[in-house]
Amino acid sequence: MEKILNINVDHVATLRQARLGKHPDPIEACKIIKKTKAHGIVMHLREDRRHIQDNDLYRYKSTINLPLNLEMAPTDEMVLIANKVKPKMVTLVPEKRLELTTEGGLDLKKNIKKIHKIVNNLNSKIQIMIFIDSNIEQIALANTLGIHGIEINTGKYTDSHGNQKDIELKKIKESAKFAQSLNLYLAAGHGLDLKNITKIVSIKEIKEFNIGHSIIGEAIFSGLYESVNKIYAKINK
Ligand code: PXP
């Protein structure tokens, strides 16, 4: 079966926010992605609005006809926004203000009451996913929430080396089997790139991949030659 690929465009917005201007516009990036075989778009509206802005979500809804997965912290503010935007899916992620990127999965052992409330307050038409570390106990707790599925955090695998990498891969495999046995829809994401994705792709239970940084980073290199030459041609007419 075809695996689902969703592209996270946060870092197009990161570049735009570096100048607080309009360019490069993540919505323009979505228009290009729409012409590819990718299935959907991921945007993370962070509480500090460091990349995606509220208005990006509304512009997305009115112009881009691709499923949107809205990543958000489990807060009342984000629930209000999600219920207005009505993405196909939300993924609940933990958020720390000083982190460079999402550092790990949601700790359901600590936050189960709070997450339960957030899940209940989200519009029932929105599919709910929870970003979670590859831990059987956490996955069993996620299953008590009546959600659509989980996204396994691959960041620990992609960041580790040697023996530890094998250990992390084994944990992801076991988690994938367990999640499937509970009938939870299974996605994976964080830190994935063209090289490190190979072993993750071979885990058949994982149906969906959410990838951002490596794709946007690579896109700079594949587009740089053309954009330099375009300016050169302009100044040497
Ligand atoms: N999945 C989740 C839950 C994330 O928080 C992120 C990063 O925003 C991604 C996937 C994509 O990770 P990366 O940008 O490293 O591909």
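Hydrogens, waters and symmetry mates are skipped; everything else that's a heavy atom, side chains included, is used. The residues of the chain are indexed from 1 along the displayed sequence.
Distance check, rounded to the nearest 0.5 Å: CE of Met78 to CG of Leu92 gives 11.5 Å. Rounding to the nearest 0.5 Å gives a distance of 13.5 Å between CD of Glu168 and NZ of Lys199. Atom CG of Leu184 sits about 8.0 Å away from atom CD1 of Ile139, to the nearest 0.5 Å. The distance from the CD1 atom of Ile220 to the CG atom of Leu15 is 6.0 Å, given to the nearest 0.5 Å.
Checked by atom type, the side-chain pair Asn210/Asn8 shows no donor-acceptor distance below 3.5 Å. A donor-acceptor pair shorter than 3.5 Å cannot be found between the side chains of Gln127 and Tyr185. Thr158 and Asn196 share no donor-acceptor pair across their side chains, judged by distance under 3.5 Å alone.
In this structure, Lys177 places its NZ atom where only 12 or fewer heavy-atom neighbours from other residues, nucleotides or ligands lie under 6.0 Å away. Annotation for Leu224: atom CG counts as buried by contact number, over 12 foreign heavy atoms lying within 6.0 Å.
In summary, Asp48 and Arg50 engage in a salt bridge, as defined by a charged side-chain N under 4.0 Å from a carboxylate O. At a threshold of 4.0 Å, the pair Lys109-Glu137 counts as salt-bridged, since one of the basic side-chain nitrogens sits closer than that to a carboxylate oxygen. Checked for salt-bridge contact, Lys171 and Glu174 miss the test: no charged N lies under 4.0 Å from a carboxylate O. At a threshold of 4.0 Å, the pair Lys88-Glu208 does not count as salt-bridged, since none of the basic side-chain nitrogens sits closer than that to a carboxylate oxygen.
Contact of the Asp76 side chain with the Lys117 side chain is registered, since non-hydrogen atoms from C-beta on lie closer than 4.5 Å. Considering only heavy atoms from C-beta on, Asp25 stays 4.5 Å or farther from Val12 through its side chain. Proximity of Leu145 to Ile112: side-chain heavy atoms (C-beta onward) are separated by under 4.5 Å at one or more points. For the pair Leu194 and Glu218, the minimum side-chain heavy-atom distance is 4.5 Å or more. Between Leu106 and Pro74 the shortest side-chain heavy-atom distance falls below 4.5 Å. Between Pro87 and Ile126 there is a side-chain heavy-atom pair separated by less than 4.5 Å.
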Would Lys156 and Gln164 satisfy side-chain contact (heavy atoms from CB on, under 4.5 Å), going step by step from the backbone distance to the final call?
CA-CA 9 Å; Lys156 286 191 177 148; Gln164 191 58 35; over 6 Å; no
For salt bridge (Lys or Arg N to Asp or Glu O under 4.0 Å), just list the numbers for Lys84 and Glu77, CA-CA rounded to whole Å, side-chain angles, deciding distance to a tenth of an Å, and then say yes or no.
CA-CA 11 Å; Lys84 256 199 244 166; Glu77 183 204 11; over 6 Å; no
For a side-chain contact (heavy atoms from CB on, under 4.5 Å) check, start with the C-alpha distance between Met129 and Val90, then their side-chain angles and the critical distance, and finish with the verdict.
CA-CA 6 Å; Met129 301 282 286; Val90 304; over 6 Å; no
For Glu95 and His44, run side-chain hydrogen bond (donor to acceptor under 3.5 Å, both in side chains): C-alpha distance rounded to whole Å, both residues' side-chain angles, the deciding distance at 0.1 Å, then the answer.
CA-CA 11 Å; Glu95 231 176 79; His44 184 174; 2.8 Å; yes
Evaluate salt bridge (Lys or Arg N to Asp or Glu O under 4.0 Å) for Asp56 paired with Arg16, printing each intermediate quantity in order.
CA-CA 12 Å; Asp56 293 328; Arg16 177 191 62 190; 2.7 Å; yes
Can you list the steps and then say if Phe209 with Val201 is a side-chain contact (heavy atoms from CB on, under 4.5 Å)?
CA-CA 9 Å; Phe209 297 86; Val201 168; 4.2 Å; yes
Before you tell me yes or no, could you show the steps for Asp133 and Asn153 under side-chain hydrogen bond (donor to acceptor under 3.5 Å, both in side chains), namely the whole-Å CA-CA distance, both residues' side-chain angles and the distance that decides it to 0.1 Å?
CA-CA 5 Å; Asp133 288 334; Asn153 174 19; 2.9 Å; yes
Go through the steps to decide whether Ile128 and Met89 satisfy the test side-chain contact (heavy atoms from CB on, under 4.5 Å), and finish with yes or no.
CA-CA 6 Å; Ile128 303 171; Met89 189 179 263; over 6 Å; no
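With hydrogens and angles ignored, the 3.5 Å screen pairs no side-chain donor or acceptor of Thr144 with any backbone N or O of Ala140.
A cation-pi geometry, defined here as NZ or CZ lying under 6.0 Å from the six-membered ring centre and within 45° of its normal, holds between Lys165 and Tyr157.
The two atoms that bring Ile64 and Cys30 nearest to each other are CD1-CB, 3.8 Å, heavy atoms only.
Ring geometry for His213 against His11 counts as perpendicular: the plane angle is over 60°, on a 0 to 90° scale with 30° as the lower cut.
With sequence neighbours excluded, no residue satisfies salt bridge (Lys or Arg N to Asp or Glu O under 4.0 Å) with Glu2.
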